[in-house]
Number of protein chains: 2
Amino acid sequence: MNQSDDPAPIPRKRNPRGVTMEAVGRMAGVSQVTVSRALSDPSKVSPETMARIREAIAVTGFVPNALAGALASRRSMMVSALVPSITNIVYATMLAPFSDELKSRGYQILLSETGFDPEEEAATVEAHLSRRPDAMLLTGVHHAARTRRMLLGADLPVVEVWDITETPIDLCVGFSHAASGRAVAEFAHGAGYRQAAGICAGDERAQRRLSAFAERFGTLSGTDVPVARTERGNLASGRALLTQLIDKRGFTGGVVACSSDVLAQGVLIEAAARGLSVPRDLAVVGFGDQELADAVEPALTTVRVNREALGRAAAQALLTRIDGATPSRSVIDVGFTLIRRASA
Amino acid sequence: MNQSDDPAPIPRKRNPRGVTMEAVGRMAGVSQVTVSRALSDPSKVSPETMARIREAIAVTGFVPNALAGALASRRSMMVSALVPSITNIVYATMLAPFSDELKSRGYQILLSETGFDPEEEAATVEAHLSRRPDAMLLTGVHHAARTRRMLLGADLPVVEVWDITETPIDLCVGFSHAASGRAVAEFAHGAGYRQAAGICAGDERAQRRLSAFAERFGTLSGTDVPVARTERGNLASGRALLTQLIDKRGFTGGVVACSSDVLAQGVLIEAAARGLSVPRDLAVVGFGDQELADAVEPALTTVRVNREALGRAAAQALLTRIDGATPSRSVIDVGFTLIRRASA
DNA sequence: TTGTAAGCGTTATCAA
DNA sequence: TTGATAACGCTTACAA
């Protein structure tokens with residue numbers, strides 16, 4: 001049995017770059033597993049060993065490969081979050097506490113925009129699932145059949161937010177958009193307004209709010225409630241739609257319900273430009289209670305949704321499921337509050 | 001050599017769940033590699049085989065494990081993006097085209113907020129590096145020494161955006177904040193204003209813009225330029241700071257330069273509430289040319305930065321480096337444009 | 001066109 | 001307290 005008989009295969013690394021636990025261990029005089037243990041649970045390693053490993057890590061600049069870790073442990077420590085739009089402050093503000101809560105438990109957020117299209121959402125869900133997140137947040141409760149199927153098959157904690165349903169994929173934290181629209185109608189009618197109109201952005205939930213408003217107000221007042229629509233929910237659209245209501249649709253005053261505070265602010269600006277006094281000539285109600293609502297002139301009457309609490313509750317519900325427990329409730333209605341200020 | 005002599009070890013899966021290429025292959029009557037090839041390059045597989053594999057994938061609902069793929073190929077197909085704040089529309093709007101451009105090449109974005117703290121940024125960079133992104137975007141050009149060290153050690157394409165430097169870590173796409181501040185000063189002085197004040201949010205780049213404005217305007221006019229500061233760059237702060245300038249710091253009129261359009265809009269609101277006419281009693285200049293700039297009353301004079309182009313250029317620079325090529329320039333100044341509207 | 005074998009860099013299991 | 005060894009589910013040679 002000499003060397004030529006049994007030539008030991010020379011294992012050759014494909015890529016010598018990249019510091020590994022193997023290298024750190026060599027430098028610290030321990031095996032690769034010990035390095036792994038040192039990082040995951042220092043109490044399982046002797047203090048002296050720990051010190052040498054720390055030293056080696058500092059010297060080499062070792063950064064553990066979380067991909068390998070995730071593959072081996074079947075826990076990626078990532079939570080994916082799918083929202084219609086990152087630039088929409090409404091989603092961004094609930095994401096911040098959601099993310100904070102999860103970060104404090106060591107999770108990172110894999111964030112994607114889905115637009116408002118269920119098919120795009122399905123594609124994004126698939127892309128995210130391929131990265132094996134430990135949980136997933138979806139915005140809204142209406143999804144492509146394929147999305148539901150993939151999610152049920154993947155068998156991971158899922159929370160649907162910003163809307164409510166009795167039949168969530170898994171968990172749900174949100175509120176009823178129709179109820180909020182009706183609440184605005186009842187408030188406005190109760191405040192004495194007898195004419196109303198609506199201004200509505202393109203997304204489906206906004207439309208549900210405004211339809212409910214229009215229907216309820218119509219019932220209460222016995223009048224017709226025109227609703228002007230736009231794709232983009234920005235200031236300029238708010239201005240343009242008020243113009244449209246007044247100049248083209250014969251709206252002569254009363255209350256204008258808007259599907260967002262930004263649209264409402266556009267209405268305020270256009271009203272001022274036309275010399276209309278708010279709320280005397282025209283009352284305005286927004287939605288969202290964004291920061292601006294309290295700062296505009298006159299201050300905006302609006303519907304507040306506690307987005308902070310919503311994001312946090314969604315994170316906590318997922319964490320409970322990740323920990324293998326069953327949340328006390330799988331559907332949480334965070335509700336909404338009508339905030340009366342000067343504009344209506 | 002019978003069975004009892006050499007008992008074949010019974011390999012036991014740790015977790016029988018989760019469809020793998022192995023399982024798909026078994027169902028389609030091919031080996032695991034063939035499934036891999038079918039997915040990465042269908043032309044290398046016979047049409048009949050392809051059909052059977054597709055069928056098996058559909059039946060099983062197989063979703064490839066990108067973690068395993070990344071580990072084996074050393075390409076994660078993820079690009080990480082670090083911005084100070086997701087809720088800040090300025091960063092969000094450059095992220096959208098950045099993300100689009102990369103998505104079209106199959107990359108996903110791993111997004112994190114870093115706040116405005118270099119140490120928090122360093123921690124986030126480390127967390128991201130552990131996921132082995134193929135490239136990274138950082139906001140700003142001032143980073144902790146540790147951040148630079150990690151990034152240079154990781155040897156990946158890095159682009160720093162939204163500011164400019166002669167000595168980038170790798171690539172840089174941005175503009176000079178000081179130059180934009182000076183440009184506003186020169187415009188305002190040239191337009192005939194002889195008194196000025198500044199309103200400035202807490203972040204370092206905003207301060208650089210306003211300092212440059214104050215210094216330049218001071219030099220041109222020979223007057224002192226008071227600058228009011230706030231942590232939060234929202235509407236309410238804009239209103240409060242105008243109040244502060246007028247009531248406490250003796251500002252009697254002229255031009256007010258603001259570090260963002262939102263602050264400027266707050267100034268417009270407060271001015272209107274005080275019965276001041278803009279630009280007659282008070283001229284206002286914003287920064288950013290956000291959507292609202294064109295929709296407020298009066299329309300806002302502001303500094304436009306082509307955030308869309310910036311995000312796209314950053315993505316393209318990274319893609320060039322990922323492809324192993326050398327970008328023609330490692331520093332790209334996208335500049336800025338002063339947009340004159342009615343407010344100044 | 002397909003398959004075999006050897007990694008990728010960790011964690012989990014079991015033994016020492 | 002430590003280490004050897006076998007996964008984890010892919011991709012990349014290389015061979016057939």
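Chain letters run A, B, ... following the sequence lines, proteins first, then strands; residues in each count from 1.
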With a 4.5 Å cut-off on side-chain heavy atoms, are A/L318 and A/Y107 touching? no

Close side-chain approach of B/L152 and B/V158, heavy atoms under 4.5 Å: no

Those residues at least two apart in sequence (or on a different chain) that pass salt bridge (Lys or Arg N to Asp or Glu O under 4.0 Å) with B/R148 are none

Partner residues of B/E119 under the salt bridge (Lys or Arg N to Asp or Glu O under 4.0 Å) criterion, sequence neighbours left out: none

Check whether any side-chain N or O of B/S46 sits under 4.0 Å from OP1 or OP2 of C/dT2, and answer yes or no. yes

Please tell me if A/R74 has a side-chain N or O lying less than 4.0 Å from either OP1 or OP2 of D/dA7. no

Quick one: [X] [atom1] to [N] [atom2], roughly how many Å, whole number?
X	N	atom1	atom2	answer
A/K44	C/dT11	NZ	P	12 Å
A/E22	C/dT10	CD	C1'	11 Å
A/M21	C/dC8	CE	P	15 Å
B/L71	C/dT10	CG	P	9 Å
A/D41	C/dT10	CG	C1'	16 Å

Tell me, which pairs form a salt bridge (Lys or Arg N to Asp or Glu O under 4.0 Å) where one or both residues lie in [range], sequence neighbours left out?
range	result
residues 308-327 of chain B	B/E101-B/R312, B/R105-B/D323, B/D170-B/R321, B/E308-B/R312
residues 29-44 of chain B	none
residues 125-144 of chain B	B/E126-B/R146

Taking A/A28's backbone N and O only, do any of them form a donor-acceptor pair with A/R52's side chain (distance below 3.5 Å, no angle check)? yes

Any donor-acceptor pair under 3.5 Å from A/E22 side chain to A/Q32 backbone: no

Strand-adjacent residues in residues 128-136 of chain B, judged by heavy atoms under 4.0 Å from DNA chain C: none

Expected list for residues 55-69 of chain A near DNA chain C, using heavy atoms below 4.0 Å, is A/F62, A/P64, A/N65, A/A68, A/G69

Roughly what angle, to 10°, lies between the helix axis at the start of the helix from C/dT1-D/dA16 to C/dA16-D/dT1 and the one at its end, five pairs per end? 30°

Qualifying residues under side chain to side chain donor-acceptor pair (under 3.5 Å), relative to B/T124, sequence neighbours excluded: none

Which residues share a side chain to side chain donor-acceptor pair (under 3.5 Å) with A/S80, sequence neighbours left out: A/H128

Where each residue is assigned the nucleotide of DNA chain C containing its nearest heavy atom, which of A/V35 and B/S43 is assigned the position nearer the 5′ end? B/S43

For the atom pair CE (A/M50) and OG (A/S43), what is the distance rounded to the nearest 0.5 Å? 10.0 Å

Look up atom CG in B/L102 and atom CE in B/M77, then write down how far apart they are to the nearest 0.5 Å. 9.5 Å

Between side-chain atoms of residues 53-68 of chain B and protein atoms elsewhere (two or more places apart, or another chain), which donor-acceptor pairs fall under 3.5 Å?
{"residue": "B/T60", "atom": "OG1", "partner": "B/A56", "partner atom": "O", "Å": "2.7"}
{"residue": "B/T60", "atom": "OG1", "partner": "B/I57", "partner atom": "O", "Å": "3.3"}
{"residue": "B/T60", "atom": "OG1", "partner": "B/F62", "partner atom": "N", "Å": "3.3"}
{"residue": "B/N65", "atom": "OD1", "partner": "B/L67", "partner atom": "N", "Å": "2.8"}
{"residue": "B/N65", "atom": "OD1", "partner": "B/A68", "partner atom": "N", "Å": "3.1"}

What's touching nucleotides 3-5 of chain D from the protein side, N or O pairs under 3.5 Å?
{"residue": "D/dG3", "atom": "OP2", "partner": "A/S31", "partner atom": "N", "Å": "3.0"}
{"residue": "D/dG3", "atom": "OP2", "partner": "A/S31", "partner atom": "OG", "Å": "3.1"}
{"residue": "D/dG3", "atom": "OP2", "partner": "A/T34", "partner atom": "OG1", "Å": "2.4"}
{"residue": "D/dG3", "atom": "N7", "partner": "A/R37", "partner atom": "NH2", "Å": "2.6"}
{"residue": "D/dG3", "atom": "O6", "partner": "A/R37", "partner atom": "NH1", "Å": "3.0"}

What is the nucleic acid contact for A/T49, judged by heavy atoms within less than 4.0 Å: base, sugar-phosphate only, or nothing? sugar-phosphate

